Each structure stands twice: as C-alpha cells, then as structure tokens.
Amino acid sequence: MTNTLNTDPSCLFCRIVRHEIPSTPVFEDEEFLAFRDIAPKAPTHVLVIPKAHLAKLGDATPADAPLLARLFLAVAKVAAQENAADYRLVLNSGERAGQSVFHLHVHLLAGRSFGWPPG
Ligand code: 5GP
Ligand code: ZN
C-alpha cells in the first residue's frame with residue numbers, strides 16, 4: 001500500500017491535505033479527503049483524493065489496489081452524503097486527458113444531467 005506519509009511539498013493537493021492551502025472539506029478520514037472544487041462544473045462538484053501523494057492513476061501499481069478500492073468506496077460515501085442519487089465520476093490521468101493537478105483525484109459531479117461522450 002502507498003505509504004500515507006508519502007507527500008510532495010510542492011503539490012497543491014498535498015498542501016491542501018496539510019491545511020497550508022484552505023479548502024472546503026466535506027469528508028475526511030485517515031486515508032482520504034474530499035473537498036469542493038474551486039471552479040465547480042456542476043451544482044455538486046467534489047474532489048476526492050487519497051492523502052498520500054500519487055501523481056496519477058497511470059502511476060498506480062498492484063500495491064495500490066486496496067487503496068484504490070477504498071477510494072471508490074469513499075467516493076460513494078461522499079455521493080450519498082451529498083444526496084447525489086445519480087452522479088458522474090471523472091478521473092483524468094495525464095495532461096492530454098485534461099489532468100491539471102498531478103495528485104490523483106476523482107471528480108464527483110452531480111445535480112444536473114450529463115452528456116455522453118464527454119468533451
Ligand atoms: P484536473 O484538471 O487535474 O482533473 O482537476 C483539477 C481540479 O482541481 C480542477 O477541477 C480545478 O478546478 C481544481 N482546483 C485547482 N486548484 C484548486 C484549489 O486550489 N482548490 C480547490 N478546491 N480546487 C482546485
Ligand atoms: Zn500531492
């Protein structure tokens with residue numbers, strides 16, 4: 001499993017985890033933090049992150065499997081807490097996919113209808 005002390009001093013989301021940058025948290029436990037996106041793309045737009053730094057899903061190894069499974073359970077828990085019956089999850093891995101913050105995060109979007117395919 002990824003060491004929970006794994007942190008990158010220059011990473012924006014690691015800095016949010018360490019409360020060096022303010023956020024609006026909606027859920028937190030030992031392993032995960034969920035907070036509202038600063039530029040929401042839906043009425044509910046929450047980012048769910050592991051506290052441990054992992055730049056992107058593409059860097060995950062089999063050792064990260066339990067953490068990744070728990071990450072999705074945490075996302076579902078946050079969705080329920082936000083009263084989101086239907087929701088869209090987005091996980092951008094890599095620049096061309098639209099990733100701009102290189103600390104693994106799942107976008108939880110809800111409160112409106114979503115089209116397919118995504119842009
Ligand atoms: P990505 O483009 O990497 O998939 O998503 C990064 C997300 O982080 C974007 O939706 C962006 O609005 C959000 N974001 C960037 N900087 C901050 C910040 O300082 N605080 C919060 N809460 N969200 C941020
Ligand atoms: Zn980080």
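Residues take their numbers from the sequence shown, with the count starting at 1. Given the structure is predicted, the values throughout are model-derived calculations rather than measurements. These values consider heavy atoms only, across backbone and side chains, with no hydrogens, waters or symmetry-generated copies. Counting starts at 1 for both ligands and their atoms, in listed order.
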Q: Of the options Glu31, His103, Glu28, Glu30, which is the one that meets Lys51 in a side-chain hydrogen bond (donor to acceptor under 3.5 Å, both in side chains)?
A: Glu28

Q: How far is atom 3 (O) of ligand 1 from its nearest protein heavy atom, and which residue and atom name does that atom have?
A: Ser100 N, 2.6 Å

Q: Please check if the number of heavy atoms outside Glu95 that lie under 6.0 Å from its CD is greater than 12.
A: no

Q: Restricting to N, O or S atoms, which atom of His103 is closest to the Zn ion (ligand 2)?
A: ND1

Q: Looking at His105, is its backbone amide N or carbonyl O close enough to the side chain of His107 to form a donor-acceptor pair, meaning the two atoms are under 3.5 Å apart?
A: no

Q: For atom 24 (C) of ligand 1, which protein heavy atom lies nearest, and how many Å away is it?
A: Ile38 CG2, 3.4 Å

Q: Please confirm whether Asp37 comes within less than 3.5 Å of ligand 1 when only nitrogen or oxygen atoms on both sides are compared.
A: yes

Q: So, are Arg36 and Glu82 salt-bridged, with charged N and O less than 4.0 Å apart?
A: yes

Q: Quick check on contacts: which atoms of ligand 1 are under 4.0 angstrom from a heavy atom of Phe35?
A: 21 (C), 22 (N)

Q: Give a yes/no on ligand 1: does Phe13 have at least one heavy atom closer than 4.0 angstrom to it?
A: yes

Q: Counting only heavy atoms, which portion of His105 has something under 4.0 Å from ligand 1: side chain, backbone, both, or neither?
A: side chain

Q: What N, O or S atom of His53 is found closest to the Zn ion (ligand 2)?
A: ND1

Q: Can you list the atoms of ligand 1 that are under 4.0 Å from a heavy atom of His107?
A: 1 (P), 4 (O), 5 (O), 7 (C), 10 (O)

Q: If I apply the N/O under 3.5 Å rule, does Gly98 come out as touching ligand 1?
A: yes

Q: Indicate yes or no: does an N/O atom of Lys41 lie under 3.5 Å from an N/O atom of ligand 1?
A: no

Q: Report, in ascending order of atom number, the atoms of ligand 1 lying under 4.0 Å from any heavy atom of Val101.
A: 3 (O), 6 (C)

Q: Who's the nearest protein heavy-atom neighbour of atom 16 (N) of ligand 1, and how far?
A: Leu12 CD2, 3.3 Å

Q: Please state which part of Val90 comes within less than 4.0 Å of ligand 1, counting heavy atoms only: side chain, backbone, both or neither.
A: neither

